[in-house]
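In what follows, chains are A, B, ... by sequence order, proteins preceding strands, each numbered from 1.
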Amino acid sequence: EAQVTQNPRYLITVTGKKLTVTCSQNMNHEYMSWYRQDPGLGLRQIYYSMNVEVTDKGDVPEGYKVSRKEKRNFPLILESPSPNQTSLYFCASSFGVVYEQYFGPGTRLTVT
Amino acid sequence: SQQGEEDPQALSIQEGENATMNCSYKTSINNLQWYRQNSGRGLVHLILIRSNEREKHSGRLRVTLDTSKKSSSLLITASRAADTASYFCATDAERGGNKLTFGTGTQLKVEL
């Protein structure tokens with residue numbers, strides 16, 4: 001089954017404790033991206049990747065890192081999480097920005 | 001700044017009625033997409049319309065695009081309770097590189 005998976009689905013952590021949210025897709029997509037969703041603000045793109053070893057900043061990259069060492073995986077790294085990063089995070093993949101995006105189920109992160 | 005802004009923010013209608021949502025954006029685009037999100041879940045692609053298209057249909061969905069007004073509308077005909085969800089437009093700007101920008105969404109509630 002074609003899908004985008006994210007782990008964990010829920011995470012409660014404390015300020016400053018490094019964490020990684022994994023994202024994996026099985027559709028051989030080149031384009032992958034991370035979004036955060038906050039009430040009243042819609043989805044905002046954090047980072048995107050056009051292909052292996054090619055990443056670029058979205059609209060809200062501060063406080064986040066990503067890597068794309070393999071085509072199928074695109075982890076999101078928060079090296080020193082802060083409470084303002086409490087949000088619902090989505091990973092998405094596609095053949096390109098001009099194509100249909102396939103979204104993962106979301107990761108709800110709470111930073112206390 | 002956000003590329004897409006949906007209007008209205010919330011819409012409540014009776015089953016069987018039509019629902020119209022609008023999306024406005026600020027800069028020239030290559031494509032505009034509409035997505036649906038059921039409460040806190042991943043987004044699902046509905047329809048894509050290219051900048052050189054004016055109208056597109058998919059089942060009960062009709063999307064129009066007016067590039068001179070920088071706006072798009074999504075019409076859902078003969079709505080059903082199962083259409084209750086949030087709807088988002090997403091654009092990739094002509095000079096935006098490979099970023100995809102989502103609007104703030106319209107919450108649609110279809111009542112029996």
B/Leu100 and A/Tyr31: which non-hydrogen atoms are nearest, and at how many Å? N-OH, 4.1 Å

Please report the closest heavy-atom contact between A/Leu41 and B/Thr104, naming both atoms and the distance. C-CG2, 3.9 Å

Treating Ile, Leu, Val, Met, Phe, Trp and Tyr as nodes and any side-chain heavy-atom pair under 4.5 angstrom as an edge, say whether [X] and [Y] lie in one connected cluster.
X       : Y       : value
A/Phe74 : A/Val60 : yes
B/Ile29 : B/Trp34 : yes
B/Ile49 : B/Leu46 : yes
A/Leu76 : A/Leu88 : no
A/Val97 : A/Val66 : no

Could you tell me whether the side chain of A/Leu43 reaches within less than 4.5 Å of the side chain of B/Leu43, counting heavy atoms only?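 With C-beta onward as the side chain, the pair touches.
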
Does a side-chain heavy-atom distance below 4.5 Å link A/Asp59 with B/Lys99? yes

Please say whether more than 12 non-hydrogen atoms of neighbouring residues, nucleotides or ligands are located less than 6.0 Å from [atom1] in [X].
X       : atom1 : answer
A/Glu30 : CD    : yes
B/Arg60 : CZ    : yes
B/Lys56 : NZ    : yes
B/Leu75 : CG    : yes

Would you compute the distance between atom CD of B/Gln33 and atom OH of A/Tyr99 and round it to the nearest 0.5 angstrom?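 Result: 11.5 Å between the selected atoms.
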
Contact list (residues 102-112 of chain A to chain B, heavy-atom gap under 4.5 Å, by number) returns A/Phe103, A/Gly104, A/Pro105

Treating A/Tyr35 as the side-chain partner and B/Phe102 as the backbone partner, does any N or O pair qualify as donor plus acceptor under 3.5 Å?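 Pair absent, no side-chain N/O of A/Tyr35 close to backbone of B/Phe102.
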
Return yes if a side-chain donor-acceptor contact under 3.5 Å exists between B/Gln37 and A/Gln37, otherwise no. yes

Side chain, backbone, both or neither of B/Gln9 within contact of chain A (heavy atoms, under 4.5 Å):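 Answer is neither: B/Gln9 stays 4.5 Å or more from chain A.
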
